[in-house]
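Report on one structure; see the data block that follows.
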Amino acid sequence: MPSRTSHSHTARPHQLAAIVFALMLAASGPDASAQPPKTVRLLTVGNSFSGNAMEYLDELVEAGGHRLVLKQASIGGATMQRHLDHVAAHQKDPKAGLYSGGKSLDDLLAAEPWDFITMQQASIKSHDVAHYRPSAQQLHDYIRRRAPHAEIVFHETWAYRADDPRFLAKEPKAGEPRTQRAMYEGLRSSYEAVGKELGMRLVPVGDAFIAADEDPTWGYKVVPRPKLDYPALPPQPHSLHVGWKWTESRGKQVPSIDGHHASTAGKYLAACVFYEFLFQESPVGLKFVPPKLDADYARFLQETAHAAVAARNNMQRAPSAASSLMLERVRVSDDGHGFVLADSGRSFIPWGFNYDHDESGRLIEDYWDAEWPKVEADFREMRELGANVVRVHLQLGKFLEAADRPNRRSLARLGELLKLAELNQLYLDLTGLACYHKQDVPTWYDALEEQARWNAQAVFWESVASTCAGSNAVFCYDLMNEPVAPGTSGKADDWLGPALGDKHFVQRIALEARGRERHEIAQAWIKQLAASVRKHDRSHLVTVGLVDWSLDRPGLSSGFIPQQVCGPLDFVAVHLYPKSGKVDEAIATLQGFDIGKPIVIEELFPLACSVAELDDFVTRSKPPAAGWIGFYWGKRPEDYGNTTIADAITKSWLEFFVRRAKEQL
């Protein structure tokens, strides 16, 4: 195992983490006053179904104490191809291809720095995936080029009402759904398949509709076709669709049924789904209810929307599971010295693993596509060893295709990692901007000047935060592993620090000071990147992984002096490897990071001391330390022999980890 000195970086062991296992019952309602106000900018590219879903969203957002900026690019009955045709028409004739208000799609895409942009298929074709190709890809790419920082999501539309004429044909056309359930299953699989191809998340409105419609108590009950006398209409309790209505035909009022469009109840349900998806807050308990909508039924719709979004995040198994268990968000405790679970208030002690590479030195992005079962097995094993936190290291080159263009496939896989963490009741320490393998660092990235490089890093964090904001499995965002600010003179010739083995763990945030103090550079960098996270996620914690030589002391320093740069951070993360016979010195170093915020020792291992000394250090580090994260390389303690010193050390480390995990539980 490589050694570490004050002039070099650590050898990084392998996997996931921790200890305190926190479960909770599904939340019954939000406390708007407990959440900081948030502004979300949303553009919908759709048809009347997106218009239905937006009908009550403004009122819900206001009730939640937030702000919504909303515009709609809508064409009645439009497919995704129809929007592309609109674009083509406008390119030929500036007076053609305009939406309501006389704006083109280009105009609308440029109108705001959109957080989310929705796409949807025309409902009549939503069950057939063939109608999504190639228009979904083409429309997605068109939007992406013009709004590179927005997250493009699929608005999963809903199935028609069970008694819609579509389902009454004696001889349906080939491929036509015969029932409401068949239509739902077709549209769900189509949205999921194409969404996976494009790396898009789904707003699960269709899931919520089918759950509500099939509920034994609150679901709509089909009745035989009524005989109607104008202007009377039949009772249609709990219909999510418009249903029976009177329309004029040749001067006469005739009854007709609209089983497509949403009723007041359906519009409210769709708005509740969008509210939770956009703001990462349950709509349950929000005071706004449309006039004439029964309060108890409205509460059911809120709960159904919450369950649908939670199920998409793998936090609930089924929309009707009222008592499903889920992870609670972690926040800083009120005394500012530790962590608690946000809803229950229970203490949370981070105790986990760095999952930075596998036993052969591969980084997670090198194998998480072809060998996903390995990742699944490792996560289960880390949980069984007693971890509650797993620190993963995300490579910038895998998550950015260009300075302003995220890699949607990598973000989709990150979404799967969040689900895996949720299933195993693990929290993720998401450490970003890694450039550990020099050969994988994009040449365009190394060629960027300082501010352009920071801007690209901000794009990385915006895309990661927008992907992860809705999952309570996020423990924190660690902006970078062991960043270093430049000294006051000279210019470095490489963004990366010296290699340890084949990996570069230290990274410079600037190549030269240009008259600035080191801590001023670090302050500006943290401020910009923390803001890029907060643009999409105001709830989860933000930190930076600091080397132990960050203190303001004579000799080697990173420039990231805790007292001067950690203001925007929620807690302090430090990497500490006690040396044999110098546990007192390690404790003194740790105390130098105590600035009145929680401290997590984010890297810990018996690299230069015995396990007994490490045990002593952990015991004496409380307080100020409130969490500890070590290393895991894909093996249990019993899988290691004593044939090499490295194996013996790792085995004793894991045995120590398991023992201390049980003691803390």
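Each residue takes its place number in the sequence, starting with 1. Keep in mind that the numbers below use all heavy atoms, side chains included, and drop hydrogens, waters and symmetry copies.
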To the closest 0.5 Å, what do you measure between CD (Gln523) and CZ (Arg518)? 13.5 Å
Is the centre of the Phe460 ring less than 6.0 Å from the centre of the Tyr445 ring? no
Apply side chain to side chain donor-acceptor pair (under 3.5 Å) to Glu281 and His66, showing your working. CA-CA 11 Å; Glu281 289 179 16; His66 301 297; 2.8 Å; yes
Is there a side-chain contact between Phe475 and Leu428 in this structure, where contact means two heavy atoms from C-beta onward sitting under 4.5 Å apart? no
Who are the side chain to side chain donor-acceptor pair (under 3.5 Å) partners of Glu197, not counting sequence neighbours? Arg133
Do Arg660 and Asp615 sit within salt-bridge range, that is, some charged N less than 4.0 Å from a carboxylate O? yes
Decide side chain to side chain contact (heavy atoms under 4.5 Å, CB included) for Val600 and Thr543; before the verdict, give the C-alpha distance in whole Å, the side-chain angles of both, and the deciding distance to 0.1 Å. CA-CA 10 Å; Val600 173; Thr543 191; over 6 Å; no
Any Lys/Arg nitrogen of Asp478 or Arg391 sitting under 4.0 Å from an Asp/Glu carboxylate oxygen of the other? yes
Side chain to side chain contact (heavy atoms under 4.5 Å, CB included) with Arg41: which of Val69, Ile117, Leu278, Leu68? Val69
Quick one: list whatever passes salt bridge (Lys or Arg N to Asp or Glu O under 4.0 Å) with Glu371, sequence neighbours left out. Arg362
Can you find a pair of side-chain heavy atoms, one from Val375 and one from Leu417, that are under 4.5 Å apart? yes
Please tabulate, for the side chains in residues 582-591, all donor-acceptor contacts under 3.5 angstrom to protein atoms that are two or more places apart in sequence or on a different chain.
from	atom 1	to	atom 2	distance (Å)
Asp584	OD1	Arg620	NH1	3.0
Asp584	OD1	Arg620	NH2	2.5
Thr589	OG1	Glu585	O	3.1

Search all heavy atoms of Pro406 against all heavy atoms of Pro148 and return the closest pair with its distance. CD-O, 3.9 Å
Side chain to side chain donor-acceptor pair (under 3.5 Å) with Ser610: which residues, sequence neighbours excluded? Glu613
Would you mind reporting whether Pro483 and Trp525 have side-chain heavy atoms less than 4.5 Å apart? yes
Would you call Met480 and Gln507 a side-chain contact if the rule is heavy atoms closer than 4.5 Å? yes
Let me see the working for Asn455 and Gln528 under side chain to side chain donor-acceptor pair (under 3.5 Å), right down to the final yes or no. CA-CA 8 Å; Asn455 293 343; Gln528 178 174 345; 2.9 Å; yes
Is there side-chain contact between Ser621 and Trp628, with heavy atoms separated by less than 4.5 Å? yes
Measuring centre to centre across the rings, with the benzene-like ring taken for any Trp, is Tyr436 within less than 6.0 Å of Phe505? yes
Could you give me the CA-CA distance, side-chain angles and deciding distance for Asp570 and Arg534, then say whether salt bridge (Lys or Arg N to Asp or Glu O under 4.0 Å) is met? CA-CA 12 Å; Asp570 295 295; Arg534 291 294 179 233; 2.8 Å; yes
Answer yes or no: is there a side-chain heavy-atom contact under 4.5 Å between Thr431 and Glu602? yes
Show me the side-chain donor-acceptor pairs of residues 487-494 shorter than 3.5 Å, one per line, residues at least two apart or across chains.
from	atom 1	to	atom 2	distance (Å)
Asp494	OD1	Lys438	NZ	3.3
Asp494	OD1	Leu496	N	3.0
Asp494	OD2	Lys438	NZ	2.8

SB check Arg146 Asp404 (cutoff 4.0 Å): no
Heavy atoms, side chains only, cut-off 4.5 Å: are Val572 and Pro598 in contact? no
Do Phe617 and Leu604 pass the side chain to side chain contact (heavy atoms under 4.5 Å, CB included) test, and can you show the C-alpha distance, the side-chain angles, and the key distance before you say yes or no? CA-CA 10 Å; Phe617 171 75; Leu604 181 76; 3.7 Å; yes
So that I can tick it off, tell me whether Glu359 and Lys374 are bridged by a salt bridge, with the cut-off set at under 4.0 angstrom between side-chain N and carboxylate O. yes
Just wondering, do Gln395 and His393 contact through their side chains at under 4.5 Å, heavy atoms? yes
Parallel, tilted or perpendicular: rings of Trp461 and Tyr477 (30°, 60°): perpendicular
With sequence neighbours excluded, residues passing side chain to side chain donor-acceptor pair (under 3.5 Å) with Arg516: Glu450
Does NZ or CZ of Arg413 come closer than 6.0 Å to the centre of the six-membered ring of Trp372, within 45° of the ring's axis? yes
